[in-house]
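To start, the structure itself, in C-alpha cells.
Keep in mind it's a predicted model, so treat the numbers as computed, not measured. Throughout, a chain's letter reflects where its sequence line sits, starting with A, and its residues are numbered from 1.
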Protein chains: 2
Amino acid sequence: MKPPTELAEAFRARGLKVTPQRQLLFGLLDGNTSHPTAEGLFVEASAQMPGISLRTVYTTLTDLAEMGELQPVSCGAGAIRFDPNVDDHHHGVCDSCGNVTDAYVVGAESLIVEGLDGFTTNSASIVFRGQCAPCASSTDESTSNPIPNSQQQTPNTP
Amino acid sequence: MKPPTELAEAFRARGLKVTPQRQLLFGLLDGNTSHPTAEGLFVEASAQMPGISLRTVYTTLTDLAEMGELQPVSCGAGAIRFDPNVDDHHHGVCDSCGNVTDAYVVGAESLIVEGLDGFTTNSASIVFRGQCAPCASSTDESTSNPIPNSQQQTPNTP
DNA sequence: TGCTCATCTACAACTCGTGCAAATTGCGCA
DNA sequence: TGCGCAATTTGCACGAGTTGTAGATGAGCA
Ligand SMILES: [Mn+2]
Ligand SMILES: [Mn+2]
Ligand SMILES: [Zn+2]
Ligand SMILES: [Zn+2]
C-alpha cells in the first residue's frame, strides 16, 4: 500500500474525495502488519474519531481493495482481513489466537498440479494452519498460561 | 468417505442413530464430487424428502466432519462446502461459475516457506482461482454465451 | 462564499450458520 | 413384540459479518 499522502492523491485522481474518515483509515493501515478486520479497524478508528460508522470503514476498504492498495484475505473462518501488504505472499493462521502472519513461499509457481486440466489459474493462495510461536510455548510448558487464549484479538472458537 | 452402509455402522458404533434423514444425506454425498454446500444438499434432499430441515442437514454434515468422513472446504467466499473426498488435496475455484475442482499438488510438503519461524504447521490448503475449461471457452470465443454466468450453481457475484 | 455531487451515518436487510426447546423417533432391552 | 428414554428432528430465534438505501452532511471547485 502506498503511504497516506500518495493515497490521498490517488483518491483525488480517481475523483474520490479525501475525507477525514478516509485519512484516518489510511493512517491506521499504513505499515499495519496485523491483518486487521473491518471491525477491528472500526474499533481503532472510533477511538480517534467517535461517531465514524462501520459502513464507512467497509466502503473505504473496498475502495482501497479495488485500487489494488489492499489485499482482502480470507482465512477460512471469521471475518475477511485486509492486508496493506500486496506482495505475492501467503499466510499462516494460528488456531489458538487467530493471529495471521505473512508467509513467503519460494517455488510456488513451479508446483505440479494434477486435476486442473483446462483450468486457467489467475492466482493461488496458501493458508497454513497451526500454532504460532507464542501459543505453542504457552501451551507446551505446563506453567500457568499468561494469555488464556480467549482474550487476544479474534480468538478462534471452532 | 465410507459408503452409506458403513457410515450407518459407524454412526451406530458412536451411539448416533441412523435416521431416514441421515441415510438420505449419506446417499447424496456418496461419490459426490461437486463440493456441495449445506444449502445445496438441502435442496436435493428436499426433493426426495419434503419437510427435511436445513438444520438437520447442518447437524449431519457436522457429525460427518467430526468423524473425519467429510472435509469442510472454505473457498474464500460464500458458504462452506463439504467434500466426501478426504484425501490430502486442494481446490480450483472458477471465478465465473463458482464450480470447485479437486487439485492434487505434488511436492507441496517440500515448499520453502519464509516468515513462519516458530510456527507449527498442522495443515496447508491451497486455493487456485481462475476460469474452468467450460467458462474459459465460452468467454474466449466471441460467440453467444450459452451459459450467462449467473444461472449455474453458486454463481460468484463479487 | 456558495454550489453540487460524493460521502457519511443510521438503519434495515441479507447470508450463512448456530442455539434452543418441544415434539418425535430409533433402538437396546425385557 | 412392545417399552422407555436418550437422541434426533423441526421450527424459530438469534448472531456474526456484510451490503443496500436514503436523507443529512461536507469536500472541492469557481
Ligand atoms: Mn499478509
Ligand atoms: Mn475436493
Ligand atoms: Zn497464536
Ligand atoms: Zn466455470
For the side chain of Ile80(A), starting at C-beta, report the closest nucleotide among dT18(D), dC27(C), dT9(D).
-> dT18(D)
Taking for each residue the nucleotide of DNA chain D bearing the nearest heavy atom, is the 5' side occupied by Gly15(B) or by Gly51(B)?
-> Gly15(B)
All N/O donor-acceptor pairs, side-chain side in residues 115-128 of chain B, below 3.5 Å, sequence neighbours left out:
none

Roughly how many Å is it from CZ in Arg14(A) to P in dC5(C), rounded to a whole number?
-> 21 Å
Sugar-phosphate only, base, or nothing, as touched by Pro72(B) at under 4.0 Å among non-hydrogen atoms = nothing
Length of the line joining Glu66(A):CD and dT19(D):P, which is rounded to integer Å = 11 Å
So what does Thr19(B) hit on the nucleic acid, given a heavy-atom distance under 4.0 Å: a base, only sugar-phosphate, or nothing?
-> sugar-phosphate
Leu54(B) has an atom CG; how far is it from atom P of dA13(D), in whole Å?
-> 16 Å
Could you check how far CZ of Phe82(A) sits from C1' of dG17(D), rounded to whole Å?
-> 11 Å
Start at the 5' end of DNA chain C and walk down; is the nucleotide closest to Arg55(B) or to Lys17(B) reached first?
-> Arg55(B)
Quick one: Phe11(B) CZ to dA6(D) C1', roughly how many Å, whole number?
-> 17 Å
Phosphate-side-chain proximity, Ser53(A) and dC8(C), N/O vs OP1/OP2 below 4.0 Å = no
Within the modelled atom types, does a donor on one side and an acceptor on the other bring the side chain of Arg22(B) and the base of dG26(C) under 3.5 Å apart?
-> no
Between CZ of Phe42(A) and P of dC8(C) the distance, given in whole Å, is 14 Å
For residues 3-13 of chain B, which side-chain N or O atoms pair as donor and acceptor with protein atoms under 3.5 Å away, sequence neighbours left out?
none

Spacing between Glu39(B) atom CD and dT15(C) atom P, to the nearest angstrom = 10 Å
Determine the contact category for Leu16(A): base if any of its heavy atoms lies under 4.0 Å from a base atom, sugar-phosphate if only primed atoms, P, OP1 or OP2 are that close, otherwise nothing.
-> sugar-phosphate
Please name the residue in the list Asp102(B), Thr101(B), Asn85(B) that meets the side chain to side chain donor-acceptor pair (under 3.5 Å) test with His35(B).
-> Asp102(B)
Of Gln21(A) and Ala79(B), the one whose nearest nucleotide on DNA chain C sits closer to the 5' end is Gln21(A)
Can any side-chain N or O of Glu69(A) pair as donor or acceptor with the backbone N or O of Lys2(A) at less than 3.5 Å?
-> yes
Establish, from distance only, whether the side-chain atoms of Ser53(B) and Thr56(B) form a donor-acceptor pair under 3.5 Å.
-> yes
Round to a whole Å and report the spacing from OH of Tyr58(B) to P of dC20(C).
-> 18 Å
